[in-house]
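Data first, discussion second: the structure below is written as structure tokens.
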Amino acid sequence: MSGHTGIHYLRHYDRRNLRGDLMGGLTVTAYLIPQVMAYSTLAGLPPATGLVVVVVAMTIYALLGSSRLLSTGPESTTALMTAAVLAPMVTGDATRYAALATLLALLVGIYAIASGLLRFGFIGDLLSRPVLIGYMAGVAVIMITSQLGKVTGVDVAGNSFLEDIQSFTGNVVASGPSWPTVAIGLSVAALLLVFTPRFPRIPVPLIVMLLATVFVSAFDLTAYGVKTVGAVSFSGLHVGVPSFESGDVSLMLLPALGIFIVGYTDNLLTARAFVGRTGARVHNTQEFLAMGAANVGSSLVGGFPVSSSASRTVIAQASGARTQLYSLTAAVLVIVSVLAFGRVISAFPAAALGGLVIYAAIRLVDIVEFRRLWSFRRREFLLAITATLGVLLFDILYGVLAAVAISIIELLTRVARPHNAVLGQTPDVAGWHDVDDYAHAKQIPGLVVFRYDSPLFFANAENFTRKCLAALHAAEPPARWFLLNMEGNTEVDITGVDALEEVRAQCENTGVVLALVRVKHEVIEDLMIHGVGDRIGAERIFPTLPTAVAAYTAWLDEHPQP
């Protein structure tokens, strides 16, 4: 395992960080108790499950993770994805639902650990920035609609965004909302939106939740349909390998993969955001292993898939935390809180937890980033909107797969039609430059220097051939040498090399000498294995442009223009 883990930092602990870590742990505990309970209900599980899971996940990450500040545990996106996967499959069987949730966590953990051992760090880059922004906005909308029943008291029986909207609108017209429930839910969301950003060091969610609890109790609103969380304790905790039916594993493999990709991307982006604040590097392999172990741990206590929480991480940093000791402190304080104040926690209004989820969802919609995409490039803004619509129309699981597909298609589109240039020299700037960029650039008569700025592979092979031949045929006076500058061709596949062979054959048929310059050593080996390298000839492969030009000048002396 490369880099330092939480165990290393704890072994070499700097006592000057103790006060900040303890204060950070206390503040994060006050924030996370209502938060993880809300996310547990979002996942379709009892609120107490989130409290158990966060203790296990934070403890494991504190020991194995590479980030000093990242807070791991129940998180809105993975919780919602869990519900989106399981709700259509399981109806009315809470035991089977819980078993499949733990299986999802176990499979996510296995995916993460396997990816770490195989060093699949690129998985964290599968979602481009515009697609990730759009995806999170779609998730936010689904989170809000999923809480409509909790914050209005209206029965909502849908299993997707569109079904939720249809069910809600039909039932709210038929039976009407529970106005005390609406008041509690929307008031909590509004108070959190107003006060949380202004007072980041104060546990606003806990304070608002306690106020809602006092309000419900003082006016006996449970008699008017306001529901509370119910019993919260560790008494029913089951530790062990989750039980599931035969065939469940194959059923959950694809959903778990989608949750894993989103969870790991969220983990990595959040951890990297705090690198500059702690000075500690984030190591992809360790993040895989830490996330995997946290999810396996969650499955062993009857939990659900977990990732990281940016909001808790920000609060920890703002409260003075500097190491993962704050996570261990928070884990201990959660246990103490449940044991000592379980009766108070059980009186939390369910509508208030729904309001907290709505607040978290609104925070996921990054309006500033949408505006930045619009001002930077309309195409990237449209990618974000497409990702949002993909999540809403195809549901969240297929939405993430669609988001990954969109990112890959965008990448292929860019490299399939890359920049290319005929190069010349200008007296004002040293070197060789695109003649389209420099009006006074001059070409050496009979020598066409061409550069194609992309790896050569199946997606751009035809485009490469077409651009090379177009540059060759447009040369004036007619080309005698076609010098291909391959500094941008960092990788090749057999389709790309076949395209190079086609260019070579066309040059040979028209009496033009094909030469290569600035070719990577690995690429030369591929050209030789393919055979095109031998047909071009080692004497026509040059390390620098000056040596290639000198060879052309010497060739002209031996082959004067007829």
Side-chain angles (χ1 to χ4, degrees), residues 31-32 34-36 38-43 50 70-84 127-148 150-151 160-161 164 185-186 188-194 196-197 200 204-205 258-259 261-274 305-315 353-374 381 383-397 399-400 402-404 406-407:
Y31 183 89
L32 70 80
Q35 185 193 53
V36 300
Y39 291 162
S40 188
T41 60
L42 180 62
L70 190 68
S71 178
T72 298
E75 180 267 335
S76 58
T77 311
T78 51
L80 181 59
M81 291 183 75
T82 300
L127 295 177
S128 67
R129 182 67 178 167
V131 171
L132 186 62
I133 292 168
Y135 170 77
M136 296 307 292
V139 168
V141 174
I142 294 178
M143 284 176 63
I144 292 172
T145 57
S146 72
Q147 298 303 300
L148 289 175
K150 291 185 176 65
V151 299
S160 68
F161 167 71
D164 281 347
L186 296 186
V188 166
L191 289 172
L192 291 173
L193 283 170
V194 171
T196 302
V204 175
I259 295 173
I261 292 174
V262 172
Y264 178 68
T265 300
D266 189 30
N267 247 39
L268 207 57
L269 291 176
T270 305
R272 286 174 178 172
F274 289 84
V306 298
S307 180
S308 63
S309 169
S311 59
R312 294 199 301 266
T313 306
V314 169
I315 288 171
L353 294 181
L356 194 155
V357 171
I358 290 176
Y359 158 74
I362 294 173
R363 292 283 300 273
L364 287 179
V365 182
D366 199 334
I367 301 298
V368 173
E369 283 296 289
F370 273 106
R371 289 175 178 169
R372 192 165 74 99
L373 293 176
W374 176 263
F381 175 82
L383 279 173
I385 296 298
T386 301
T388 301
L389 293 176
V391 172
L392 296 180
L393 296 178
F394 302 112
D395 212 347
I396 191 167
L397 174 61
V400 66
V404 171
I406 292 170
S407 291

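Side-chain atoms are counted along with the backbone in the values below, which use heavy atoms only and exclude waters and symmetry mates.
In the model, Gln35 has a side-chain atom that pairs as donor or acceptor with a side-chain atom of Ser311 under 3.5 Å.
Residues Phe161 and Val391 fail the side-chain proximity criterion, which asks for heavy atoms closer than 4.5 Å. The shortest distance between side-chain heavy atoms of Leu148 and Asp164 does not fall below 4.5 Å. Using a 4.5 Å heavy-atom threshold, the side chains of Met143 and Leu364 count as touching. Met136 has its side chain out of reach of Asp366: every pair of non-hydrogen atoms, C-beta onward, lies at least 4.5 Å apart. The side-chain heavy atoms of Ile362 and Ile144, taken from C-beta on, include a pair separated by under 4.5 Å. Two residues are said to be in side-chain contact when any heavy atoms from C-beta on lie closer than 4.5 Å; Tyr39 and Leu353 fail this criterion. Annotation: side chain of Leu192 is in contact with side chain of Pro205 (closest heavy-atom distance under 4.5 Å).
In terms of the side-chain hydrogen bond (donor to acceptor under 3.5 Å, both in side chains) criterion, Arg371 has no residue partners (sequence neighbours excluded). For Phe370, the ring pair (Phe, Tyr, Trp, His ring centres under 6.0 Å) criterion is met by no residue, not counting sequence neighbours.
Between atom CG of residue Leu70 and atom OG1 of residue Thr72 there is a gap of 4.5 Å, rounded to the nearest 0.5 Å. Remark: Ile133 CD1 to Glu369 CD distance equals 4.0 Å, nearest 0.5 Å. Rounding to the nearest 0.5 Å gives a distance of 5.0 Å between OG of Ser146 and CG of Leu42. Between atom OG1 of residue Thr265 and atom CG of residue Leu132 there is a gap of 7.0 Å, rounded to the nearest 0.5 Å.
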Worksheet item: For Thr77 and Tyr135, what are the C-alpha separation, side-chain angles and deciding distance, and is it a side-chain contact (heavy atoms from CB on, under 4.5 Å)?
Response: CA-CA 10 Å; Thr77 311; Tyr135 170 77; 3.8 Å; yes
Practice prompt. Apply side-chain contact (heavy atoms from CB on, under 4.5 Å) to Asp266 and Glu75, showing your working.
Written response: CA-CA 10 Å; Asp266 189 30; Glu75 180 267 335; 3.5 Å; yes
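Considering all non-hydrogen atoms of both residues, Gly134 and Thr388 come closest at O-OG1, 2.7 Å. When all heavy atoms of Leu356 and Ala38 are compared, the closest pair comes out as CD2-CB, 4.1 Å. Of all heavy-atom pairs spanning Pro130 and Leu383, the tightest one is CB-CB, 4.3 Å. Val188 and Gly355 make their closest contact through CG1-C, 4.2 Å (heavy atoms, listed as atom of the first residue, atom of the second, distance). In this structure, Arg312 and Ser71 approach most closely via the heavy-atom pair NE-OG, 2.9 Å.
No donor-acceptor distance shorter than 3.5 angstrom exists from the side chain of Thr78 to the backbone of Pro74, with no hydrogens or angles considered. The closest donor-acceptor contact from the side chain of Ser307 to the backbone of Gly263 lies under 3.5 Å. A distance-only check finds no donor-acceptor pair linking the side chain of Thr196 to the backbone of Leu193 [under 3.5 Å].
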